[in-house]
Visitor: 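There's a structure below that I have some questions on.
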Amino acid sequence: MKPAGMICRDGQMLWPEVQMAASFLDRLQGLLGKAGLSDQQRLLLTACGSVHTVGMRFPIDVIFLDADLKILACHPGVSAWRMKSCRGARTTLEVAAGGVERHGVVSGQCLTWRAAQSRL
């Protein structure tokens with residue numbers, strides 16, 4: 001998967017390199033096999049209201065979003081071998097541990113998705 005876009009809040013770019021996992025296989029693979037995430041990388045899982053960190057080697061922050069990308073719940077520092085879910089979530093954003101606090105992301109805020117510009 002290559003970066004597919006960026007996540008913004010109130011016109012401010014929070015995370016410029018966001019990979020989108022829209023297919024079943026991409027969601028199944030998720031972040032497994034990765035050694036870690038940089039402060040700029042993220043994974044946006046569509047059609048996803050629950051995640052697990054089974055087999056992961058690093059903690060992540062998990063942000064659950066509704067269909068309009070309104071934040072329903074934030075779970076900072078989710079360590080390996082854990083599961084998180086959120087009723088009503090339609091999309092889940094996985095970010096490097098500390099990202100939720102660093103960007104002041106809280107429940108009730110609305111995020112926006114900007115697709116990456118294709119370069120010819």
Side-chain angles (χ1 to χ4, degrees):
M1 289 180 285
K2 293 184 178 182
M6 64 184 77
I7 296 289
C8 303
R9 180 187 59 214
D10 298 326
Q12 176 188 9
M13 180 174 47
L14 299 179
W15 295 293
E17 297 178 28
V18 180
Q19 296 177 335
M20 183 181 289
S23 74
F24 172 76
L25 290 177
D26 284 345
R27 287 190 302 271
L28 183 64
Q29 175 65 37
L31 297 174
L32 293 176
K34 304 263 191 233
L37 288 177
S38 77
D39 288 337
Q40 299 301 313
Q41 295 174 311
R42 308 296 175 253
L43 181 63
L44 187 69
L45 301 127
T46 62
C48 178
S50 64
V51 296
H52 69 83
T53 57
V54 174
M56 291 181 55
R57 296 180 251 163
F58 52 94
I60 60 172
D61 290 354
V62 177
I63 303 166
F64 290 107
L65 307 157
D66 70 9
D68 296 321
L69 298 184
K70 180 179 176 183
I71 299 172
L72 300 175
C74 298
H75 297 279
V78 179
S79 58
W81 301 95
R82 300 286 185 257
M83 291 188 70
K84 294 292 178 185
S85 65
C86 179
R87 183 179 299 257
R90 297 292 177 258
T91 303
T92 302
L93 181 62
E94 297 179 340
V95 303
V100 165
E101 182 178 346
R102 184 171 28 266
H103 293 293
V105 175
V106 296
S107 295
Q109 293 177 335
C110 290
L111 303 180
T112 56
W113 167 260
R114 292 188 187 165
Q117 304 262 338
S118 61
R119 296 182 182 154
L120 300 176

Visitor: For Met56 and His52, work out which heavy atoms get closest and say how close.
Guide: SD-O, 4.2 Å

Visitor: Rounded to the nearest 0.5 Å, how far does CG of Leu111 lie from SG of Cys8?
Guide: 9.0 Å

Visitor: Using 0.5 Å steps for rounding, measure from the CG atom of Leu45 to the CD atom of Gln19.
Guide: 10.5 Å

Visitor: Below 3.5 Å, can you tabulate the donor-acceptor pairs from side chains in residues 64-86 to any protein atom, sequence neighbours excluded?
Guide:
residue : atom : partner : partner atom : Å
Asp66   : OD1  : Asp68   : N            : 2.8
Asp66   : OD1  : Leu69   : N            : 3.1
Asp66   : OD1  : Lys70   : N            : 2.9

Visitor: Restricting to pairs with a member in residues 105-117, which pass salt bridge (Lys or Arg N to Asp or Glu O under 4.0 Å), not counting sequence neighbours?
Guide: none

Visitor: In the hydrophobic clustering that connects Ile, Leu, Val, Met, Phe, Trp and Tyr at side-chain heavy-atom distances below 4.5 Å, which members other than Met6 occupy its cluster, ordered by chain and number?
Guide: Met13

Visitor: For residues Val62 and Val106: do they belong to one hydrophobic cluster (side chain heavy atoms under 4.5 Å, members Ile, Leu, Val, Met, Phe, Trp, Tyr)?
Guide: no

Visitor: Hey, can you pull the donor-acceptor pairs under 3.5 Å for the side chains in residues 89-105, sequence neighbours left out?
Guide:
residue : atom : partner : partner atom : Å
Thr92   : OG1  : Cys48   : O            : 2.8
Arg102  : NH2  : Asp39   : OD1          : 3.4
His103  : NE2  : Trp15   : NE1          : 3.4

